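The block underneath contains the structure these notes are about, expressed in structure tokens.
So that the names make sense, note that chain A is the first sequence line, chain B the second, and so on, each numbered from 1. Atom set for the values below is all heavy atoms of this structure, side chains included, hydrogens, waters and symmetry mates excluded. All values reported here derive from a predicted model rather than from experimental measurement.
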2 protein chains.
Amino acid sequence: MSERKHPAGSRNASPRILGAARAVAGREGVGKITIEAVAKEAGLSKGGVLYNYPTKKALLSGLLDQMLAKHRELLGKVPERHPSRTLHGHLETILHSEDLDDDLSTAILAVAASDPRLLDPLRTELTGDLERILSGTQDAPGAMVAVLAIQGLRFQKLLNLPDGGADLREPIIERLRTMIDGLD
Amino acid sequence: MSERKHPAGSRNASPRILGAARAVAGREGVGKITIEAVAKEAGLSKGGVLYNYPTKKALLSGLLDQMLAKHRELLGKVPERHPSRTLHGHLETILHSEDLDDDLSTAILAVAASDPRLLDPLRTELTGDLERILSGTQDAPGAMVAVLAIQGLRFQKLLNLPDGGADLREPIIERLRTMIDGLD
DNA sequence: AAGACTGTACCGTCCGGTCGGTTTAGGTTT
DNA sequence: AAACCTAAACCGACCGGACGGTACAGTCTT
């Protein structure tokens, strides 16, 4: 019901639209994600955006979907037999998005602000990840602390909260890595 | 520019207004924080709300202020000479709000969604806390990981993200406590 | 009387969503 | 290959409702 072929005049603007939404959110805040603003940013008309995403909620869900897809993609890149593979993936997801300025976590805020229910896909995804993480370790609390720290890292970045200085960034990540490695 | 005296005919509805705002946010999502909705929830008229908070931004800032005040109050309760006192305070702040269902951190989301700049007070507060925390420990990365985990805990609760099951809650907190105690 | 509201009416703006077009690109017919 | 058809993709004017804020006359409390 989604994968749509585009046999005729088609440039499939969806990705451009999502990118535009992220750009707007990053520049002016999540509250400024407006269909018109997104349209303008994407070089489209309002109708064009609404054609791809019939409602604003659909647009926001699309944003979240994109984020989750990216998340899964990065998870897939973690070496197969790595112990606590999922945990490592979570960490790398954030580090990776540190280089690119595509703040995908923006979607979380945007979605949560409009309708908390839209976060359900994120919740189920996370639930699955947690199960995988916890079933792969003896030290459940330790794993959870790592998960929480990673989550904290994400929101710290998202809200531009202080991070203790640039010279601490690397040591923190290094510490997290060793914490995770020491889990098994 | 805020602290207002109420020397005469005064019931000072401000706290009730803030509580109402949190209630609305908790029930319907941060996006539904409307002056009218808050007024209705507080058993006030729209004019009454605007009398206490002349603009919506003022209302949101008030929410954040309340949160920070509560935060400071709880920090003050931590035993004086406790090593890594601030860190413990942060943790207790969350645990304490676990009993009460007044999700003060809602303010963060609400504020962030409307105008990221309004988060500045939170940022400066956190910066101060971080300085205190880091200056009181030899193991800066370890302390930061603890801070991050606490932050993660806050957002997990705030967004109703999965937590690995109820039987893990206590062990996680216990682990965090020992982590913090083992720092200095 | 003055402060702390209530209640209602109202304004202007913003924004989500609708809707009737218009353009673009491929296929079909002749 | 020119003419024609079809449908996807998109445009943009418009509507209606929500919402922030104003104004202001009245009410209750201290």
Atom-pair distance ([atom1] on [X]; [atom2] on [N]), nearest Å:
| X | N | atom1 | atom2 | value |
| --- | --- | --- | --- | --- |
| I35(B) | dG7(C) | CD1 | P | 17 Å |
| D115(A) | dG16(C) | CG | C1' | 15 Å |
| N12(A) | dA8(D) | CG | P | 14 Å |
| K32(B) | dA18(D) | NZ | P | 11 Å |
| Y53(A) | dC10(D) | OH | P | 12 Å |
| K57(B) | dC19(D) | NZ | P | 18 Å |

*asked:* Can you tell me if N52(A) touches the phosphate of dC10(D), counting only side-chain N or O atoms and a distance under 4.0 Å to OP1 or OP2?
replied: yes
*Does Y51(B) put a side-chain nitrogen or oxygen below 4.0 Å from OP1 or OP2 of dC5(C)?*
no
*Which nucleotide in the set dG21(D), dC10(D), dG16(C) lies at the smallest distance from any side-chain heavy atom of L50(B)?*
dG21(D)
*Of the candidate nucleotides dG20(D), dG3(C), dG16(C), which contains the atom at the shortest distance from the side chain of K56(A)?*
dG16(C)
*Aromatic plane relationship, F155(B) with F155(A) - under 30° parallel, 30 to 60° tilted, over 60° perpendicular*: parallel
*Hey, can you pull the residues of residues 38-47 of chain B with a non-hydrogen atom under 4.0 angstrom from DNA chain D?*
K46(B)
*Do D129(A) and T86(A) have side-chain N/O donor and acceptor atoms under 3.5 Å apart?*
no
*List for me each residue that meets side chain to side chain contact (heavy atoms under 4.5 Å, CB included) alongside K40(B), sequence neighbours excluded, and say none if there are none.*
none
Compile the donor-acceptor pairs under 3.5 Å between side chains in residues 25-32 of chain B and protein atoms, sequence neighbours left out, one pair per line.
unit_1: R27(B); atom_1: NH1; unit_2: E41(B); atom_2: OE1; d: 3.3
unit_1: R27(B); atom_1: NH1; unit_2: E41(B); atom_2: OE2; d: 3.4
unit_1: R27(B); atom_1: NH2; unit_2: E41(B); atom_2: OE1; d: 2.9

*Taking the nucleotide of DNA chain C with the closest heavy atom to each, which residue, G48(B) or E36(B), is nearer the 5' end?*
G48(B)
_Hydrophobic cluster membership, L60(B) vs L158(B), 4.5 Å side-chain cutoff_ = yes
_Quick check on the hydrophobic clustering: are L68(B) and V111(B) connected, directly or via other members, by side-chain heavy-atom contacts under 4.5 Å?_
yes
Using atom names, set out every protein N or O paired with an N or O of nucleotides 11-14 of chain C below 3.5 Å, distance rounded to 0.1 Å.
none

*Atom of I33(B), atom of K56(B) and distance for their closest heavy-atom approach*: O-NZ, 2.8 Å
*Write out all pairs satisfying side-chain hydrogen bond (donor to acceptor under 3.5 Å, both in side chains) with one or both partners inside residues 118-128 of chain B, taking only residues at least two apart or from two chains.*
R72(B)-E125(B), D120(B)-R123(B)
Donor-acceptor list for residues 173-180 of chain B side chains, cut-off 3.5 Å, not counting sequence neighbours:
unit_1: R175(B); atom_1: NH1; unit_2: D139(A); atom_2: OD2; d: 3.1
unit_1: R175(B); atom_1: NH2; unit_2: D139(A); atom_2: OD1; d: 2.8
unit_1: R175(B); atom_1: NH2; unit_2: D139(A); atom_2: OD2; d: 3.4
unit_1: R177(B); atom_1: NH1; unit_2: E92(B); atom_2: OE2; d: 2.8
unit_1: T178(B); atom_1: OG1; unit_2: E174(B); atom_2: O; d: 3.4
unit_1: T178(B); atom_1: OG1; unit_2: R175(B); atom_2: O; d: 2.8

